[in-house]
Protein chains: 2
Amino acid sequence: MSRDMLPTLRQLQYFRALADAGNFRKAAESLGISQPSLSQQIANLEKVLRVALIERGRAGAILTAAGREVLSRSVGILEDVKSVVGIAEQVGSGALGTYRLGASATFGPYLLPSVVRQLHSDHPTLRLFIRDGRPSDLLEDLFSGRLDLVLSQLPVLSSELNVIRLFREPLFLAVSRDHRLAARKNVEDMDLAGETLLVLSNGFSLHAQLVELAQTLGATLQRDYEGSSLDALRQMVAMNMGVTLLPALYAQSEVGPNDGDVALIPFRQGRVSRSIGLIWRRSSRNPPAFDAFSDQIRTVVRTKFSDILHLEG
Amino acid sequence: MSRDMLPTLRQLQYFRALADAGNFRKAAESLGISQPSLSQQIANLEKVLRVALIERGRAGAILTAAGREVLSRSVGILEDVKSVVGIAEQVGSGALGTYRLGASATFGPYLLPSVVRQLHSDHPTLRLFIRDGRPSDLLEDLFSGRLDLVLSQLPVLSSELNVIRLFREPLFLAVSRDHRLAARKNVEDMDLAGETLLVLSNGFSLHAQLVELAQTLGATLQRDYEGSSLDALRQMVAMNMGVTLLPALYAQSEVGPNDGDVALIPFRQGRVSRSIGLIWRRSSRNPPAFDAFSDQIRTVVRTKFSDILHLEG
DNA sequence: AAGTTTGATAGGAATTTCCTATGTCTCGGG
DNA sequence: CCCGAGACATAGGAAATTCCTATCAAACTT
């Protein structure tokens, strides 16, 4: 009976039933308990609240002023609690909830707006908070629980994480307008031999891929300056500091068909590309909403970006 | 674990503590319970809600999407419950609450507006719902719990009821303008001998008093038509169907000093009067607010009606 | 590899809730 | 005026829940 003692939900339920029924016996019956149990719980509630809620008289149970105040609030509280059960169920079934998605900077501006828009119309109560950043930072936030999902280039190498492949995004060769390859309709892997390849800084997933590619094809890596954004990289290419590979989504949207400050050349057969997938903690158990998200992304890729991207999985 | 099973407030409290602390051990400590107890209650909560709220991992306890939804609502619910405790305490101390007062029709228009106004400025959170009606109906509503208080003429004759005398209200003799007593400055009881006395219908407390008075003083009761309001009575008097006695408050306010359709004559020494008091169920235990109400009424009588009414008790 | 840290599990003690039986009070009928 | 009925409180013990100690399992740390 200490100072910060709270009434029990059960007590509030019983109290409401009592107020509805108007007397202890009927209320107890409607609750499926015995009359003494009800009397006791009501007495306890009054003890916790230190105020009489019910006037016991032959006219039955009459609410006191305190009882009336407590009743109206109790009804609200009980409804709130019931609604929590409903909410929990909805979230559990993937019909509702707010999820935090981290995405490489590339997707933020080009792909995700469509996804969010479509998601909002298909599942108005499923919300997505999107944060962008370097994939390595995003993955750390995913581990620490600050994010629920990450949309990023594969592969991702942790047994803690679950990955689903979504689509493949071709890379374009970007060269300055006066580069020897600038006029080519398309290129082969081997054409890169001897070129200086500009890359993003470590922490971006393109970094690792390009480093490997450079080694395989005999290109030289420009390591003195690593770009921190695709825009920066593009400008370096325009100034002829080297060549680079740009993801199709960025290339298509930001550089434009073929009139930008750099020339974009596709690889034959789309041989050079990166794979994009959705990643989450294995311990988050793949909630239904995650499937909804990947479905939405796939749908957007199919309906709006089928000329650029290739579905996978 | 049936369908309509509700989470426990304790579970919500524990869950909030867990979300705040970020891991089970610290949360259990902050709650003053052991870690297994906390684990168990959280597991039970998840079982009731049929959804995982917490992702257990080495990074500590991470909230799932469902957990985040449930958390925000839980916080609200817990605050609501805490506020109920506070509200109950305030009502118990008479600082807050809504009380239902029944009043004879006479007081509604003349006395109570001042009381309500003053009460509202002295105790803004104490509210009074006022209903008027025949005193007998009001008393029945008081018994049945539809009213908390009745302001009515005394005496009231039930051992179930508690009564506090508030003030005494003189009665005026009302006669038609051409009545033999119309010009008198004041009258004695005996002057009523032989007169035909008009009375309110049964159920009004004035009824009993006038019936008794008529018997004592040798006046004849006009029983064919009993008025259902003081206004009706007054009009019957004006038409010279008889005389009657009108309470001072009504007389003063409704008929005006001496230019109305009937002549109002005071009794010498205010010998004929009725006593007004506040009545409540003994079983309601005289809450502090009742004292506040009687104080307010007394204050209004003293400050605004001291020329008409006489304080008592 | 041993020691730490984190949460789950097991089994029994402590507390709470509930039930049956009984008590008190008041009412209404014989 | 007493008796039985109706309403709620009280008492004591049974049932269920909550909690604790002890122990386990898994994953870091050192």
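Below, each value reflects all heavy atoms present in this structure, side chains not excepted, and no hydrogens, waters or symmetry copies. A, B, ... follow the sequence lines: proteins, then strands. Residue 1 opens every chain.
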Practice task
Using only side-chain N and O atoms of B:Arg56, determine if any of them is under 4.0 Å from OP1 or OP2 of C:dA8.
Solution key: yes
Handout entry: Along DNA chain C (nearest heavy atom to each residue), the more 5'-positioned of B:Phe24 and A:Gly32
Key = B:Phe24
Practice task
Indicate whether OP1 or OP2 belonging to D:dC8 is found under 4.0 Å from a side-chain N or O atom of A:Asn23.
Solution key: yes
Practice task
Could you state the atom-to-atom distance from OH of A:Tyr14 to C1' of C:dC18 in whole Å?
Solution key: 8 Å
Practice task
Look at A:Gln40 and C:dC18 and indicate whether a side-chain polar atom (N or O) is within less than 4.0 Å of OP1 or OP2.
Solution key: no
Problem - Electrostatic pair B:Asp141:B:Arg134 at N-O distance under 4.0 angstrom - result: no
Fill in the blank from the handout: Of D:dA9, C:dG7, D:dC20, the nucleotide closest to the side chain of A:Ser39 is D:dA9
Handout entry: Nucleotide nearest A:Gln41 (side chain, heavy atoms from C-beta), chosen from C:dT17, C:dT6, D:dT21
Key = C:dT17
Completion exercise
Here the distance between atom P of C:dG7 and atom NZ of B:Lys26, to the nearest Å, is 9 Å
Problem - Spacing between A:Leu53 atom CG and D:dC8 atom P, to the nearest angstrom - result: 15 Å
Problem - A:Glu160 bridged to A:Arg282 by N-O distance under 4.0 Å - result: no
Practice task
Count the heavy atoms of every other residue, nucleotide or ligand shown that sit under 6.0 Å from CZ of A:Arg146, and state whether that count exceeds 12.
Solution key: yes
Practice task
To the nearest Å, give me how far apart CG (B:Leu38) and P (D:dC19) are.
Solution key: 10 Å
Handout entry: Short side-chain N/O contact to C:dT16 OP1/OP2 from A:Arg10, under 4.0 Å
Key = no
Exercise for the section: Could you work out which one of C:dC18, D:dC19, C:dC27 sits closest to the side chain of B:Glu160? Expected result: C:dC27
Practice task
Give the rounded distance in Å between these two atoms: CD of B:Glu29 and C1' of C:dT6.
Solution key: 14 Å
Practice task
Between D:dT10, C:dT6, D:dC20, spot the one nearest the side chain of A:Pro36, thanks.
Solution key: D:dT10
Exercise for the section: Specify the separation, in whole Å, of atom CG of B:Leu31 and atom P of D:dC19. Expected result: 10 Å
Problem - Residue whose nearest DNA chain D nucleotide is more 5′ - A:Glu46 or B:Ser37 - result: A:Glu46
Handout entry: Nucleotide D:dT18, atom C1' - distance to CD of B:Gln11 in whole Å
Key = 11 Å
Completion exercise
Separation of C:dA14 atom P from B:Ile33 atom CD1, nearest Å, is 18 Å
Handout entry: Electrostatic pair B:Arg73:A:Glu79 at N-O distance under 4.0 angstrom
Key = no
Practice task
Could you tell me whether B:Arg274 and B:Glu212 have a side-chain N and a carboxylate O separated by less than 4.0 Å?
Solution key: no
